[in-house]
Amino acid sequence: MRSLKNKRILLGVSGGIAAYKSADLVRRLAEHGCDVRVVMTRGAQEFMQPLTFQALSGNPVHTDLLDPKAEAAMGHIELARWADAIVIAPATADVIAKLAAGTADDLLSTLCLATSLPIAVVPAMNQQMWSSPATQDNIERLRHRDVAVWGPGSGSQACGEVGAGRMLEPLEIAERVNDLFNTGSLAGLRVMITAGPTQENIDPVRYLTNHSSGKMGFAVAQAAVEAGAVVTLVTGPVSLETPEGVERVNTTTAQQMLEACEEYADGCDIFIATAAVADYRLAEVNEHKIKKDHEELVITLTKNEDILATIASREEAPFCVGFAAETQNIETYAMGKLQRKKLSMICANRVHGDSNTGFNADSNELHVYWENGKKHYPNMPKTRLARELIQLIAEHQQPDI
Ligand SMILES: Cc1cc2nc3c(=O)[nH]c(=O)nc-3n(C[C@H](O)[C@H](O)[C@H](O)COP(=O)(O)O)c2cc1C
């Protein structure tokens, strides 16, 4: 099973007898590397104390929708933005009915309505409640909306009856969480991604670079591999961990990055260029350290070849996605790049020195443009943004599926 490292799981616990097993589930998820936040319904709090989940998850437990303090810290919208997926275990007949009806009268149901995150429900109830036409109708409606339904298992129940309705064991639930991310939307495709900054040497001890952290590109690589692609990540100098299952190619200069991209471009279906490649390099790199014995120093720069435009102009060009960091006139500049470089799609974001979006931040806001359309993604964690983007790319690269 692929690691769930750094995945943010919002665990909804509702008022069933199996709520005690959710305490173990928090531990299992944490063992798999997840960061877990628990939302309890009022019913759940009759069965378990929030303190148990707080201690096990290491995070405050969320119980109220209309709580001014919670709203200021992490209210329902913030929680929905924080998470990568929602798992409801146990999911009572009541919670399932609420989700199916789309009501929003408590924190958990409101969260589920206020998000496009993947959701899994893990039903746990008396066998008669499970087989009742009302519950079965509700489950069908949820399945139809792509909500994952895990279980229930069959066997003897806490109420003394025997039948279907037992909650799956915590270990099995934790292992299934991977399914929420492994969409398969890029199955069988080869994807090449560039990430990070480049470094252009001035002399043996100095170089020109930029603020790119590589976080967006690494998150896109992770999302692409989860979507089933074979992924090559050509990166500039960053110290980020390589996502599991991704082939990493380390480069330093723009020229090296271009050479690596040309080498790996054959047979590539999708090329996503997130790297902040230096537009210029030194016309001549100094062989020895430059001494500070002049009042002024002039260095001459020469233009680097544009990696994205080079790959996009190949005879059998992959589906090319560019990134553009702009400080103004986002749409005009982005559309200009899209047409000039013959791209399939361009993702633009506004960069400011002092904001929490763009370079080096953990979250970002994106405006994505293609020939006849555009989509705006509000500020969200780069990991989640990457998954949304991979989904969008998959839909446009293979419009027939
Ligand atoms: C002792 C006891 C055990 C219960 N166990 C379950 C259960 O396993 N599954 C279920 O769907 N409802 C169960 N219920 C009913 C729910 O607690 C009830 O429908 C409640 O409204 C659920 O609230 P919630 O879904 O908002 O947490 C149980 C009730 C009691 C009193």
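Atoms within a ligand are numbered from 1 in the order they appear, just like the ligands themselves.
- Distances from atom 9 (N) of ligand 1 to the heavy atoms of Gly16, Cys159, Ala124 show the closest one on Ala124.
- Of the protein's heavy atoms, at least one falls inside 4.0 Å of atom 4 (C) of ligand 1.
- For the residue pair Glu365 / His376, a side-chain donor-acceptor distance below 3.5 Å is found, with atom types taken as modelled.
- Of all the atoms in ligand 1, the ones that sit under 4.0 Å from a non-hydrogen atom of Val95 are 25 (O).
- Residue Thr92 has at least one nitrogen or oxygen atom sitting less than 3.5 Å from a nitrogen or oxygen atom of ligand 1, judged on distance alone.
- Note: an N/O pair closer than 3.5 Å links Asp94 and ligand 1 by distance alone.
- Residues Arg314 and Asp266 are paired through a salt bridge, judged by an N-O separation under 4.0 Å between the basic side chain and the carboxylate.
- Of the protein's heavy atoms, none falls inside 4.0 Å of atom 18 (C) of ligand 1.
- If you take CD1 on Ile272 and CZ on Phe319, they are separated by 9.0 Å, rounding to the nearest 0.5 Å.
- If you check which protein heavy atom lies closest to atom 11 (O) of ligand 1, you get Ala93 N, 2.8 Å.
- Against a heavy-atom cut-off of under 4.0 Å, Ser14 is close to the following atoms of ligand 1: 25 (O), 27 (O).
- Salt bridge present: Asp106 and Lys98 bring a charged side-chain N and a carboxylate O closer than 4.0 Å.
- Atoms of ligand 1 found under 4.0 Å from any heavy atom of Gly43, numbered from 1 in the order shown, are 27 (O).
- Between Met129 and ligand 1, no pair of N/O atoms sits closer than 3.5 Å.
- Of the possible donor and acceptor atoms, none in the side chain of Arg281 sits under 3.5 Å from a partner among the backbone N and O of Gln255.
- In terms of protein heavy atoms, atom 30 (C) of ligand 1 is closest to Phe47 CZ, 3.8 Å.
- Checking side-chain atoms of Asn59 against main-chain N and O of Val36 turns up a donor-acceptor pair under 3.5 Å.
- The closest heavy-atom contact to atom 13 (C) of ligand 1, among the options Ser109, Gly15, Ala18, comes from Gly15.
- The CD1 atom of Ile88 sits 9.0 Å away from the OG atom of Ser109 when rounded to the nearest 0.5 Å.
- Side-chain atoms of Thr253 never come within 3.5 Å of backbone atoms of Gln199 as a donor-acceptor pair (strictly under, hydrogens ignored).
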